[in-house]
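One structure below.
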Amino acid sequence: MMGSKWRLAGSEVPIIGSDSVKWIELSISSPGCNNNDWSAVGPLTEDCAESYSIAGDPCVWRIDKTVPNALELLQFSSSQPFPIVGLRFLFPHPLSPFSFLSQNSSGHSYSLYAFTVSGFAILLNLSHFSSYESSSVFPSQHLLEFNLQHYGPITSVAATPGCLVLGRNDGSLFSFQLGILHPTDPGFVHQLRDDSGIGRFWGLMSRGKVVGAVKDLVISEVQGKKLLFVLHSDLTLRVWDLSSRTRIFSHTMTSPTLEGAESIRLWLGETNSSANIIPMAILLRHTAEVGVEMICVNRLQFSLGDRLILSLSLESSLQNISLEGGCIGVKLTSDKIWILKDSGLVFYNLFHANVAVEEASFYTLQEEFVADQLFQSSEHLSDDLLSITCSIVASAKDHIVPFVSSIFLRRLLHPGVHHNIVVRATLLDYNRQYTDSEFQSLTIDGLRKEIISLIEHEDAAERLLSIFCGWKSFCTRYFHHWCKNNEPYGLFVQPSTGAVGLLRKNSVSVFRSLENIELLIDGPSDELGELASFGLDLSGGDSEREILFQVLRCIVSISQQLGKTASAVFYESFVGTLVTFEEIVSRLLKILETGYSSSVMALSIPHLGADVSREKELADHKNLRKFSIDMLLSLQTLSKMAASWDRVLNIIENYLQFFVPRKIIQHLNAETVFSVSTSIVVQATSQIAKVMFEAALDVLLFLRYLVNISGQISMLPDDISRIQLDLIPMIQEIVFEWLIILFFGVTPSESPSIEDFSSQLSTLQIDSNIGKRSWSENLGKCHFTLAFILQLNIQGSSSGDPSLMSLRSLPNPQDVTSSIRGFTSWIIWGETGEESSSFLRRSTQLALILLQHGQYDAVEYLLTIVEANSQKEKIFRSIQDTGGDWCILQHLLGFCLLAQAQCGLHGILREKKVCAAVRCFFRASSGQGASQALQSLSHEAGLPHLAFDGCLSSAAWKLHYYQWVMQIFEQYNVSEGASQFALAALEQVDEALSVKYDCSSGNPLNESTTTLKGRLWANVFKFNLDLNLLHDAYCAIISNPDEESKYICLRRFVIVLYERKATKLLCDGKLPFIGLAEKIERELAWKAERSDVLAKPNPYKLLYAFEMQRHNWRRAASYIYLYSARLRTEPVPKDHRQILLVLQERLNGLSTAINALLLVCPAYAWIDPLLGGNSSMNEHYPSKRAKKLVKGQFTGDDVHPQRLQSYIDVEKLEKEFVLTSAEYLLSMANVKWKFTGVDHAPSDLVDLLVQENLYDMVFTVLLKFWKGSGLKRELERVFSAMSLKCCPIKVDSITVGNNFKTHGLLLTSSTDEVVVRGSPDNVPSVHQYKGSGQWETLELYLEKYKDFHARLPIVVAETLLRTDLQIELPLWLVHMFKDGQRERSWGMTGQESSPASLFRLYVEYGRYTEATNLLLECIDSFASMRPADIINRKRPFSVWFPYIAIERLWCQLEESIKSGLMVDQCDKLQKLLHGALLNHLKLLKVDSDDAISSASG
């Protein structure tokens, strides 16, 4: 029986990407299996997996009992990335735990054997995986099936190419030539029996011997022969030669230790041809004791006889291995056995000389690591996390919740912990369902946000304890799903390399051996043996060995007191830059000395209650006192053992050498590609880095603790100084280095930003190499950490270099560890392993690699902590003076911060990044040796090359560098930074160009000072313009000494003002024009001529405002008039609203021009239509003499009269305004009229206005364009037309005046009046008249304009009477005639519109009755005069009557009587007229006599 002792030898390393396989599902359509009525014939489905070597690469199949009818097939190569696709075959019936895969020589790549529980054997001839499509049916022509149901019950199945063997419950065996012969061919089926030849006779004699049921079948090739190894339930082992179908070996195992045991499984190891040995292992289970299992290990000796007959014999030595826990799988090689159990992987060397003391090597599984990461290994582990966090981050309470969340998130996304299937299953517990595409599209940041939202949503609170409990619950669920979805299914071993792997439910992994330091940390002191074998030089022998062990015990005590969470808090604090390195260590020491802070107690009260919290506090204090006392006693014991602390410190210093990353000189001559092997190295490196970091941190805390209690342990001042000056800086540097390695190993890479030009360029470079193109797509995925990027930039060869493993096969556990050493050496020391005073230079080399691939966050963190760490080193004072490494660091950090600001940041975060980048670039330029150091940067890193001569002066170098940085900021669209460096470069110009050097001129571009300053000021202008700092941009223009550059900037300034609608800046009087006014005006005019006339902001209006602000009113009027003129000459828009808008703008322009000219002295109140070179405004204004100017009239120098040039004065502008107003009103009425100029009276316009009843506009036009008789004539014509509209009789065509067409003007209703709505204030509009009819309109305007022309009432009356002979004149019109008499006149005298005029009209148009009545009325009025007025009536020539018209009336009445027309009426009128005249003449006689008497007297 092998001993039960074991030692920790290694751990599991997950293969990155094996959890993200996309399965191509293929349905197996089998006619024989379509029947749903079946019973179990073969072995029931179990969780199982197996690996076969196909062309040197592992090919894995898996069967999961939760999906019993599915078989997954996956092949991967160590030299290629883990495949992203695999095949999943869906069978009609559940599968037995068996499958066999082989490569064949036919047209197909593989042959896959499967067996269903229902008893069907199925052979699939497979092509390459890429030839299949998901959710399709497997081709029937590539499928063979055979029904074996009548051979049941079947207990075991095995296969080899072309042969399927099954074992039955009765111990019988059958072989089938499946895939070689047709089922109906002879020889297809054979039963393996002992009845061949003479054996048939002996078989008859011994027929009573019956073997047990077949438990397991294994087929192996020995000496070119296919042998079938059969394990029966009665511990009988038989071996059959499949080629001859004969049994060649049979043995029943008997031993006292095997009594009551039942055989379960059989495993065979690799055949050792040189020793003729076949290792063998049998799993036994005791029937009497439940759960007790044992593995019996033995070996078979084989030999080949004279007739080439193979003979086997079983050795007598039997080794038994007791198992604690279930056995999942076993693998054997010629001299080793690997046993996979629930608790881990156990490894034994077979056939050890001293079996009793054989020590097992134990390899931990990933479950232990995941539990530790997620705080699931101890009940109080997560509570310790909260306590330490509150103690360390007590000064920033607002950061505690995000700090805790960041710790949990970082550990959930840790490589080896993060698992896509587990994440999805955990999110499903929170009712978050995702489709495959949705989940695959989740980025790292997106996944973080999803998880955080779940925690906050579940607790619905922001309190720390509730969030903390939410994280605990999430991690518990996650760990449960992790274990459930990653159950171990089997082992695989590659005998050629010694690689050992683990097949899980949804992943694949390998095992690595431990580093010496890991063995030293974890191993008990009595099992470490000789420390010299570990590489530890202890010259003092056993005494120093005991001293070291005592030191380790003290370090372990400190680690246990703080708990495993201290390192997590330390890492998060340092990476998150929330607390400095020194502060973190100091606060951890404070916890060791005084316990947790009081805030922890306050937090636990509402969660646990006051009593429980008090008890916990007392327990913590008790534990702290016990720790303090124990540590004090242990240290005093240590001091006594060593006799002096100097000896202890020497041993500690030797021990620290274990932690220093080994320096390995690597021979590099080939490129590394992304593959399974590289992913194993990266993952294993992160594991070792975590262990080394935590162990080094414990040592650091131990040394600091020694210093703090040095007085209590009698430590001398020299010893304290040695710790502080030598050991603590050494261990701090070690902690820092492993922290960097750990950061690279666990931090996911960033996905390249779309806006990042350098990363796009890098991608193009990557794609030029097929080996690297495959991994570039993994950037930004959780499993693809920064270490992958670094690993894939190593150029190495496996030949002759133990630090680099071969890519052609999976590594064995020792090779993985060796490769880790090479990788860590490359990270810390580089390719050549050169000594460096600090990590500063190497960090810049690593930063360049990361920058090349767009890992800006990582570069920022790396360079920031390297800079902070350098400040604590003794050499920091000289960092800025030698080598230029510090300058390179600042340069790269500035570039990184700038790229971050450009990649999606906004607001204050972006501003902070930009400010930090500016500081870094300025620092980089100020260091000693900066020019030479920065010149050496590789252009392949994606940085623009610094092309300059290293002999430049300091000022010339800064000038060149600032311009380079300015261009970088400009490239990244960060104008605020670019502007600062442009100004900084300007400060260096004079000094840089004032000194000449022999090796190079101060100005490598050979520019003059003016040109260089002009270019830089132009850049300042551009950057301020980009930032919308318009005042600063204008100041840059006026500061520019280069006139050409200044003019270009000025033009751009004007254009941008237009584009941004900020032209008001030019007119608010805040900009000092300083000789630029004329240029600005010229640019504005140029812009106006070439812009759309309706552009907003309008350039002409801007010119107007610009000139008005300068009190140049004439030019202001000129520009605004040009605007109106351009509107007039532009093509007429088709849209009616647009037409109205244009007319409105024309009116506004004209009125504005008029107002501007009114501010000018009347002698100068005119504008030049040719201003600005715009000839369009002269279209209607031919050249002519403008005015008669008096000589000497103009005395000022600013205005020079031009006697022979055309002009536009206020009068012409007013005329055009009137015409445009009329056009506007007509357009509102949908009437078209074309402007023809202001020199001719627009009669046609008047006609249209009258037609549309726009009378206000009609009379405005008349008064503006006609004077004197012309005005009277036009008034008569207009009122005649207005009168016609009042006539109820429709007239087709009546000519009045100057061919005035009145078609359609005679209306029968007065409801057709037009009301103008929405007309502008400065446009004459149609008033709302007193009445609603044409009569009221006629009365209103006749009353208003009769003073302009006294004959207007006559014209109206005559038009009415002529149009309608029966019309009755309105009373108001008659009153106008009667009221028109002059004062002190009687009778029918008066103005032109007098009663006499009306009387004549009545007579002329046959209105005898009205004429007679009017005459009688006047005569009666004359006769009935007041006595006071009689004296006036008697004056000479004071009374007048139209006697000729009266006589004509008398004659007309007589003619009517004679003609017999209206005889009675005319006779009556004649009598009335006769009587009235007779009395009137009598009265006149009396008046005449009185007048004569008065004259003679």
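Index from 1, following the sequence. Any value given below was found using the heavy atoms of this structure, including those in side chains, with hydrogens, waters and symmetry copies removed. Predicted, not measured: the structure shown is a model, and the values here were computed from it.
Shortest non-hydrogen contact noted between K1061 and P1097 is CG-CD, 3.7 Å. Residues S1459 and S1456 share a closest heavy-atom pair of OG-O, 2.9 Å. Shortest non-hydrogen contact noted between V1261 and W1266 is O-CE3, 4.0 Å.
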Kindly determine whether E1417 and N1413 satisfy side chain to side chain donor-acceptor pair (under 3.5 Å), including the steps that lead there.
CA-CA 6 Å; E1417 181 181 355; N1413 292 334; over 6 Å; no
Begin with the C-alpha distance, continue with both residues' side-chain angles, and end with the deciding distance and a verdict on side chain to side chain donor-acceptor pair (under 3.5 Å) for Y1255 and N1253.
CA-CA 5 Å; Y1255 299 119; N1253 296 334; 2.9 Å; yes
Side chain to side chain donor-acceptor pair (under 3.5 Å) between E1339 and W1335: does it pass, once the steps are laid out?
CA-CA 6 Å; E1339 178 186 6; W1335 288 110; over 6 Å; no
Where do Q1465 and Y1408 land on the side chain to side chain donor-acceptor pair (under 3.5 Å) test, with the steps shown first?
CA-CA 10 Å; Q1465 184 179 2; Y1408 307 138; over 6 Å; no
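E1107 and Y1119 form no side-chain donor-acceptor contact under 3.5 Å, judged by distance and modelled atom types alone.
Dense packing is recorded around CZ of R1090, with more than 12 heavy atoms of other residues, nucleotides or ligands lying under 6.0 Å away. Around CD of Q1109, the count of heavy atoms belonging to other residues, nucleotides or ligands within 6.0 Å exceeds 12. Environment of NE2 in H1136: crowded, with over 12 heavy atoms of neighbouring residues, nucleotides or ligands closer than 6.0 Å.
Remark: aromatic rings of F1279 and F1259 are close, center separation under 6.0 Å.
A salt bridge links E1274 with R1277: at least one charged nitrogen is closer than 4.0 Å to a carboxylate oxygen.
The aromatic rings of Y1345 and F1348 are tilted relative to each other, their planes meeting at an angle between 30° and 60°.
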